Number of protein chains: 4
Amino acid sequence: MRVKKQEKYDAILEAAFHIIEEKGFENTSISDIVKRANVAQGTFYLYFKSKNDLVPAIAEELLTITNDMLTDYVRDSMSIDEKLKKMIDVTFENTKKYKAIIALCYSGQAYGHSFGKWEEMYTPYYNWMEKHLLQAKEQNEIAQDTKIEFSVRIIINTIEQTADRMYLTNSITGVDSHEDLKKELFNFIKRALV
Amino acid sequence: MRVKKQEKYDAILEAAFHIIEEKGFENTSISDIVKRANVAQGTFYLYFKSKNDLVPAIAEELLTITNDMLTDYVRDSMSIDEKLKKMIDVTFENTKKYKAIIALCYSGQAYGHSFGKWEEMYTPYYNWMEKHLLQAKEQNEIAQDTKIEFSVRIIINTIEQTADRMYLTNSITGVDSHEDLKKELFNFIKRALV
Amino acid sequence: MRVKKQEKYDAILEAAFHIIEEKGFENTSISDIVKRANVAQGTFYLYFKSKNDLVPAIAEELLTITNDMLTDYVRDSMSIDEKLKKMIDVTFENTKKYKAIIALCYSGQAYGHSFGKWEEMYTPYYNWMEKHLLQAKEQNEIAQDTKIEFSVRIIINTIEQTADRMYLTNSITGVDSHEDLKKELFNFIKRALV
Amino acid sequence: MRVKKQEKYDAILEAAFHIIEEKGFENTSISDIVKRANVAQGTFYLYFKSKNDLVPAIAEELLTITNDMLTDYVRDSMSIDEKLKKMIDVTFENTKKYKAIIALCYSGQAYGHSFGKWEEMYTPYYNWMEKHLLQAKEQNEIAQDTKIEFSVRIIINTIEQTADRMYLTNSITGVDSHEDLKKELFNFIKRALV
DNA sequence: TATGAATGAGAGTTCATTCAT
DNA sequence: CATGAATGAACTCTCATTCAT
């Protein structure tokens, strides 16, 4: 029984996630979602209070995916340089894949206007990176006066935004390839840290 | 006759800009817009092919506003530090004021999926900043190996994204005030440049 | 232009009136109404803010019909007895014909909970009868201590309710026919007045 | 087992009665009812064939309440005047309390279109009053030519309708208070009887 | 007997777009 | 050029009812 219940919820969330990714939130109808999830129209409302109620669940899903990937890619034993590069890789990869979802999460629709939730959701990500920056500081890989708590946020923002803009504009003039852009982004951040 | 045409066009664009800013794109109806613009429902379609056709025009409007402000705030005679600080001020101010418009511009609705337009629109902004970075390089205010063309983009992205996130999350934990955050952002960018 | 506008409004109101009469308010859909009125779904909302917005218009329609009939049936030159009998006839006839409409008007849906409107709507009816009762008083047809303003309301209520109940229950046991019931009702009221 | 069955039935009926009283029949969902009755959704359909099947049961409940109150208030030893006044009191009190239920009972939804049931349900009420009117006739409190069977119906109707209209319109112009209206109503009926 | 998750038809309403004037 | 009444498809959401357990 418990399993079946989760099944429907998961099916709906999965369907919503992918259709929204394809068509954007506003252009996705509940009808689209339930068709893909193979459940009845009304079933949607057993699991979500409204269409908007999807957004937090989807945002959480995206962060889970990101965290899983970071855990997979980044090892404690790596140097801070390697770690930063992996972070950039993961962020670019996900931004490319989930452009529309990210737009939705940032649209404000996510949590009405109580954005505490947003900060809360990002907390594990911030903590994860804080840990690695602290480790880098101890090992003298970065400047001792680096304000960790703050840098964490700026760095994550910078990477996300650069990736965002890149996939939005498709190409940034004068930069030959995505790989070059990622390299330059790494240098930029690195310089700000040492 | 030419003037009258422009009048209606301007009225519609102005109305659209402000209502979308207030209510978001999807929650703004043509009916809302024409009411504010004091024109008939059908008149809208004399100037715009469709509702989506508004988006590029609105995006351009936003950039015009931004450019005007930068021109007002930033003087050639300033140091690069002062210039960066002014840029941060203007970006933060506009991001706060035009949150919804910015969200719309980044939503991908802007140009279907031909984002060349986006890059084109940003060009004057990029050029404007490129000029000032070059000047700073000549005067040895920043590192001689700075890749100007590229830095321009990263810096603009970083400022915009930080502002965006700040107004989205309302407060970034551990940072006392907006002014502190702006100072730290400045330091971050500065370190990456010298 | 003016005429056409009225045409659609009238068509919708007429359709609503008759379908609601047949099926009741809650079982009548906007779709039913516009189909009968031969207009598009959206056209309904050009003339009525919502489904509930129909109710006052329909209530007014019913009173107009009633007033027209009373004016047709009742002459000033008649005796109060004849007038009362005609009133009973008209009320019974309309109650039979417009059962569901009457139920709707009394349901409270009519004006949310500001029933001032209801009293206001009945005013012409009350006034009409007041005139005739006053005339009857002057001509000594009814008791001189009759409290006109109040009697008007009780009499109208009593007639309406008796008609209502009769058509609701279809037959009142022990009374042979509608005509007998109407005669008895007349006697009851007459006795209360003289 | 029998008891348990009754328990659930009673719980559902009680819940339905009170929620319908609060929100009206159409705005009351089975889901609302079962939640208040603390039974499962499906259980409702073990005791009632459909939502409409509730109506006769609820109507009966209302009459039971009314009869109980009349039995409580009215003593055989009272004069017909006192009895009438008590009847008016009880009717006004219940009409105020159970406005929505009464509206439902009169809506025709009660028994589709076989209203025999309605007459049947009122029978005990009619009988109860008949008994008292007969007693009054014997004691020469009212006119000897009063047609009891018929008067019973008109009187009950008149009281109910006046109460109904009063609570619907909230105030009847020119009548200072509910107590005054009740007094006038009593006089009206009394005059028709003697 | 009792459950409650699942159903799906259908409700009211909105709105981008058209077109006769 | 300008109008605005008219359109009708599409939307989100509700809810009486069913049925496997």
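Letters go in sequence order (proteins before strands), and every chain restarts at 1. As the structure is a computational prediction, the values presented were derived from the model and not from experiment.
Of the two residues near DNA chain E, B:D32 and A:V39, the one whose nearest nucleotide lies more 5' is A:V39. Residue whose closest nucleotide on DNA chain F sits further toward the 5' end, between A:T28 and C:L46: C:L46. The residue among C:G42 and B:A40 whose nearest nucleotide of DNA chain F is located toward the 5' end is B:A40.
Residue D:Q41 places a side-chain atom within donor-acceptor reach of the base of F:dT17, judged by atom type and a 3.5 Å distance cut-off alone.
Taking atom CD1 of C:I33 as the reference point, atom C1' of E:dT13 lies 13 Å away to the nearest angstrom. The nearest whole Å value for the distance from the NZ atom in B:K35 to the P atom in F:dT3 is 15 Å. With rounding to whole Å, D:E26 atom CD is found 12 Å from E:dA11 atom C1'. Put simply, CG on B:N38 is 13 Å from C1' on F:dT3, counting in whole angstrom units. Note: CG (D:L54) to C1' (F:dC15) measures 14 Å, nearest angstrom. D:F48 places its CZ atom 15 Å from the C1' atom of F:dA16, with the value rounded to the nearest Å. Here F:dC1 presents its P atom at 13 Å from CD of B:E7, a figure rounded to the nearest Å. Computed from coordinates, the D:I20 CD1 to F:dC15 P distance equals 13 Å when rounded to whole Å.
When the nucleotides E:dA16, E:dA11, F:dA16 are ranked by their closest atom to the side chain of D:K51, F:dA16 comes out on top. For A:I30, the side-chain atoms get nearest to F:dT12 when compared with the rest of F:dA2, F:dT12, E:dT17. Nearest to the side-chain atoms of A:Y45 among the listed nucleotides F:dT14, E:dG12, F:dC15 stands F:dT14.
Using bins of under 30°, 30° to 60° and over 60° for the plane-to-plane angle, the ring pair B:F48/B:Y9 lands in the parallel bin.
C:I65 places a side-chain heavy atom less than 4.5 Å from the side chain of C:F17. Side-chain atoms of A:L13 and A:Y47, non-hydrogen and from C-beta on, never get closer than 4.5 Å to each other. Side-chain contact between B:I102 and B:L62: present, with at least one pair of heavy atoms (C-beta onward) separated by less than 4.5 Å.
For B:D10 (side chain) and B:E7 (main-chain N/O), no donor-acceptor pair under 3.5 Å exists by modelled atom type. Counting only distance, with no hydrogens or angles, the side chain of B:N27 and the backbone of B:K23 share a donor-acceptor pair below 3.5 Å. A:T43 places no side-chain N or O within 3.5 Å of a backbone atom of A:V39 that could act as its donor or acceptor partner.
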Next item on the list: Check the pair C:K51, C:F25 against side chain to side chain contact (heavy atoms under 4.5 Å, CB included), reporting the backbone distance first and the verdict last.
Entry: CA-CA 9 Å; C:K51 189 187 176 187; C:F25 185 69; 3.9 Å; yes

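Note on D:E21 versus D:K97: no salt bridge recorded, every NZ/NE/NH1/NH2 to OD/OE distance being 4.0 Å or above.
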Check: Reading DNA chain F 5' to 3', what string of ( ), [ ], | and . shows its pairs, if Watson-Crick and G-U wobble pairs count only when both distances fall under 3.5 Å?
Finding: .||||||||||||||||||||

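B:I58 approaches B:A16 most closely through the heavy-atom pair CD1-CB, 4.1 Å.
Shown for residues 12-19 of chain C: no residue has heavy atoms falling under 4.0 angstrom of DNA chain E.
For the pair D:Y47 and E:dA2, the criterion of a side-chain N or O lying under 4.0 Å from OP1 or OP2 is met. Under 4.0 angstrom from either OP1 or OP2 of F:dA16 there lies no side-chain N or O belonging to D:S50. Between A:T43 and E:dT7 there is a side-chain polar atom (N or O) within less than 4.0 angstrom of OP1 or OP2.
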